[in-house]
J.: 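Handing you a structure now.
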Amino acid sequence: MKKAVITKKDMYLFIIIFLLGTITTIFFLPFHTVPDTYNVLWRQQDYCTTFLQDGRIFSALFLWLGEIIKIPINVLDVMSNIIALTANCISVYIIYKNIENDDNDKFEKIILFVGAFIVVFNQFSMEHLAYFETGIMCIGKMLCVISAQKLIVQNRKIKSLMILTIAMFCYQGILNVFVITAIIFIATRTEKFKEIIKDILKILLICICVFIFVFIEIKICNWVIGSQDKRAVINSMNKENLKMIFEISISILYLTFNIGVPNLIILTITTTLIILLINKRYYPILQYLLYIIIIVGSCTILILFTGRGAISARTASAIGGIAGFSIIILAKMTKENKVNLIAIFLLTIILFTANEYAYLRNGWMLLKSNRMEKQYGNAITKQIEKYENETGNSIKKIAIYKDKSSSKTFNNYKNNTFTIQSVYTTYAKMDFLRYYLNRNVEIKEPEEKYTEYFKDRDCNEFDIKQLEFDGDTLHICTF
């Protein structure tokens with residue numbers, strides 16, 4: 001087999017991708033927190049067990065190695081962010097290099113480039129950049145792209161299966177990245193019905209095998225650590241569950257998870273269909289709709305295997321990638337006439353601009369929310385220290401209440417992964433407080449007298465009146 005040679009042109013291309021990726025994710029590169037981060041910050045080594053319970057062995061290994069080498073969590077987090085950026089850029093490079101060719105003119109190349117970029121850096125995959133283990137997630141995405149290339153472009157099924165299995169050990173919620181990438185490679189290589197069906201069946205077979213491997217891997221991980229797994233759950237394929245999947249599959253095209261531009265995906269699909277229809281591309285319309293159904297299904301079918309009745313942006317990144325996929329499909333029509341060129345190029349600019357806006361806006365809100373949450377945590381800590389110095393009591397328990405119009409976010413931002421206050425989450429509120437107090441405090445159930453006392457409070461920012469001390473207990477009213 002001929003060995004691939006990386007030319008100066010390829011190096012310049014990757015530098016461009018890396019610079020654009022850096023600009024897009026600039027606010028996600030510094031150390032930042034979401035509620036889950038406080039679980040890692042406080043529990044640290046113990047959180048390896050949580051990763052193993054989910055079968056995410058590489059995330060557990062990353063955290064474990066960091067602890068062994070004594071790298072601070074905040075430094076590990078920044079390293080993870082840089083790894084994520086690099087892995088995502090490699091994914092864009094691989095997709096683009098496998099869909100462009102010498103026959104493409106400069107406009108086609110630009111459209112294909114933007115399409116490949118949006119497939120990877122789309123509105124929903126933004127959530128992959130939120131967490132401590134973001135680097136491992138994005139390495140998994142990169143492996144999904146490589147696996148799709150091996151399967152469709154090189155027809156190396158076993159190698160594709162092996163790579164995809166490793167990707168799932170990074171994070172199971174990115175299987176849909178493999179599906180959309182494979183679909184892109186199919187759509188840009190053939191229009192023959194038999195070949196399309198053959199490739200789709202290969203994708204399905206690979207996915208089934210990976211499902212089985214991951215199911216076994218999660219069971220083994222939980223057996224080793226002596227835990228009962230909650231992820232590897234198979235729901236019955238009854239009428240109610242299938243109906244739920246169908247309803248979610250329809251509604252997800254309209255969802256933004258409060259991080260995306262409203263209706264962008266459904267408008268992209270509609271515009272693409274209109275352009276195809278105007279050009280009388282009836283067979284490509286059927287192909288496009290089939291591809292969309294497969295992409296959506298790759299995100300929603302996982303409900304049968306997670307025991308959950310909903311999906312999140314990070315497990316549905318292929319839905320966000322539909323925007324990039326659509327303009328890749330349309331790119332080859334730009335040569336036919338100037339109307340097509342103008343319409344498709346305009347659509348490309350709109351989608352790219354909307355995508356950049358979503359990244360920069362949410363990234364900025366993340367940093368602002370982090371700043372305010374840090375001030376909030378420090379303010380609570382200061383008041384506790386003052387109380388303990390004055391009374392000699394030690395706070396060992398904390399009870400949390402809500403005021404009259406409590407907001408789950410700072411500055412009344414829309415509630416999403418990047419803006420939610422940690423104190424409002426059931427899984428991270430205590431680790432958030434423990435981290436700033438630097439001690440282990442217990443959660444206490446709210447008392448009726450304090451619930452009544454706080455119910456008419458209505459604050460928009462931190463106020464010491466939100467704190468009531470009673471012996472070894474602090475009662476906090478959130479705002």
Side-chain angles (χ1 to χ4, degrees), residues 31-81 83-84 127-141 165-175 213-234 302-303 305-308 310-315 373 417-418 420-443:
F31 172 68
H32 57 265
T33 60
V34 291
D36 302 62
T37 312
Y38 287 105
N39 296 139
V40 181
L41 284 167
W42 179 251
R43 302 183 201 175
Q44 297 188 20
Q45 194 62 53
D46 289 341
Y47 205 73
C48 288
T49 302
T50 302
F51 285 136
L52 289 174
Q53 284 176 326
D54 294 342
R56 292 153 66 180
I57 55 178
F58 293 114
S59 293
L61 181 63
F62 180 67
L63 179 57
W64 179 75
L65 287 175
E67 285 292 303
I68 293 297
I69 305 173
K70 299 188 182 304
I71 301 175
I73 296 297
N74 58 339
V75 176
L76 273 178
D77 183 88
V78 174
M79 290 171 57
S80 182
N81 298 337
I83 291 170
E127 257 198 18
H128 295 150
L129 306 178
Y131 305 97
F132 164 79
E133 66 273 23
T134 179
I136 304 300
M137 284 184 176
C138 292
I139 287 175
K141 286 171 60 180
T165 301
I166 296 171
M168 293 302 99
F169 292 171
C170 294
Y171 181 56
Q172 297 89 9
I174 52 174
L175 181 63
F213 294 158
V214 171
F215 185 85
I216 295 171
E217 181 248 357
I218 293 175
K219 292 290 185 182
I220 292 174
C221 284
N222 281 272
W223 175 75
V224 169
I225 62 178
S227 174
Q228 183 177 2
D229 69 279
K230 299 177 182 179
R231 292 290 179 131
V233 178
I234 300 180
L302 291 176
I303 293 172
F305 303 93
T306 60
R308 298 180 178 182
I311 59 177
S312 60
R314 62 185 175 277
T315 60
E373 187 161 71
T417 299
F418 310 113
I420 187 170
Q421 294 188 52
S422 299
V423 76
Y424 269 92
T425 62
T426 56
Y427 58 89
K429 58 186 177 185
M430 292 310 296
D431 283 347
F432 160 70
L433 294 168
R434 289 165 185 149
Y435 173 72
Y436 280 100
L437 287 171
N438 196 27
R439 73 176 81 163
N440 192 21
V441 289
E442 299 177 11
I443 187 169

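We count residues from 1, following the sequence as given. Computed from a prediction, not measured in an experiment: that's the story for all the values here.
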J.: Less than 4.5 Å apart, side chain to side chain, heavy atoms only: is that true for Thr425 and Ile420?
T.: yes
J.: Supply the atom-to-atom distance Ile225 CD1 to Thr49 OG1, rounded to the nearest 0.5 angstrom.
T.: 5.5 Å
J.: Cys138 versus Ile83: any side-chain heavy-atom pair under 4.5 Å?
T.: no
J.: Ile174 and Ala167: which non-hydrogen atoms are nearest, and at how many Å?
T.: CD1-O, 4.0 Å
J.: Heavy atoms only: give me the nearest Ile73-Glu67 pair and the separation to one decimal.
T.: CD1-OE2, 3.8 Å
J.: Could you tell me whether Tyr435 atom OH has more than 12 heavy atoms of other residues or ligands within 6.0 Å of it?
T.: no
J.: Determine, step by step, whether Phe213 and Met168 satisfy the side-chain contact (heavy atoms from CB on, under 4.5 Å) criterion, reporting the C-alpha distance in whole Å, the side-chain angles of both residues, the deciding distance to 0.1 Å, and the verdict.
T.: CA-CA 9 Å; Phe213 294 158; Met168 293 302 99; over 6 Å; no
J.: Only pairs at least two apart or in different chains count here, so list each salt bridge (charged side-chain N to carboxylate O under 4.0 Å, His left out) that has a residue in residues 127-136.
T.: Arg56-Glu133, Glu127-Arg314
J.: Quick one: CD1 on Ile443 to CG on Leu433, what's the gap to the nearest 0.5 Å?
T.: 9.0 Å
J.: Indicate, with yes or no, if the rings of Phe62 and Phe58 have centres closer together than 6.0 Å.
T.: no
J.: Looking at Phe432, is its backbone amide N or carbonyl O close enough to the side chain of Glu373 to form a donor-acceptor pair, meaning the two atoms are under 3.5 Å apart?
T.: no
J.: Provide the closest heavy-atom pair for Asp431 versus Arg434 in the form atom of the first, atom of the second, distance.
T.: OD1-NH1, 2.9 Å
J.: Do the side chain of His128 and the main chain of Gly135 share a donor and acceptor less than 3.5 angstrom apart?
T.: no
J.: Provide the closest heavy-atom pair for Cys170 versus Gly140 in the form atom of the first, atom of the second, distance.
T.: CB-CA, 3.9 Å
J.: At their closest point, which heavy atom of Leu63 faces which heavy atom of Phe132, and how far apart are they?
T.: CD1-CZ, 3.8 Å
J.: Flag the pair Thr37 / Tyr131 as yes when at least one side-chain heavy-atom distance between them is below 4.5 Å, and no otherwise.
T.: no
J.: Between Phe51 and Leu61, is any pair of side-chain heavy atoms under 4.5 Å apart?
T.: no
J.: How many angstroms lie between atom CE of Met137 and atom OG of Ser80, to the nearest 0.5 angstrom?
T.: 9.0 Å
J.: If every non-hydrogen atom of Ile218 is compared with every non-hydrogen atom of Gln172, which pair is closest and at what distance?
T.: CD1-NE2, 4.0 Å
J.: To the nearest 0.5 Å, how far apart are CD1 in Ile220 and CG in Leu52?
T.: 12.5 Å
J.: Among all residues two or more places apart in sequence or in another chain, which pass the side chain to side chain donor-acceptor pair (under 3.5 Å) test with Asn81?
T.: Asp77
J.: Could you grab the distance from atom CZ of Phe31 to atom CG of Leu41, nearest 0.5 Å is fine?
T.: 5.0 Å
J.: OH of Tyr424 to NZ of Lys429: how many Å apart, nearest 0.5 Å?
T.: 10.5 Å
J.: Taking the side chain from Thr315 and the backbone from Ser312, do they hold a donor-acceptor pair closer than 3.5 Å?
T.: yes
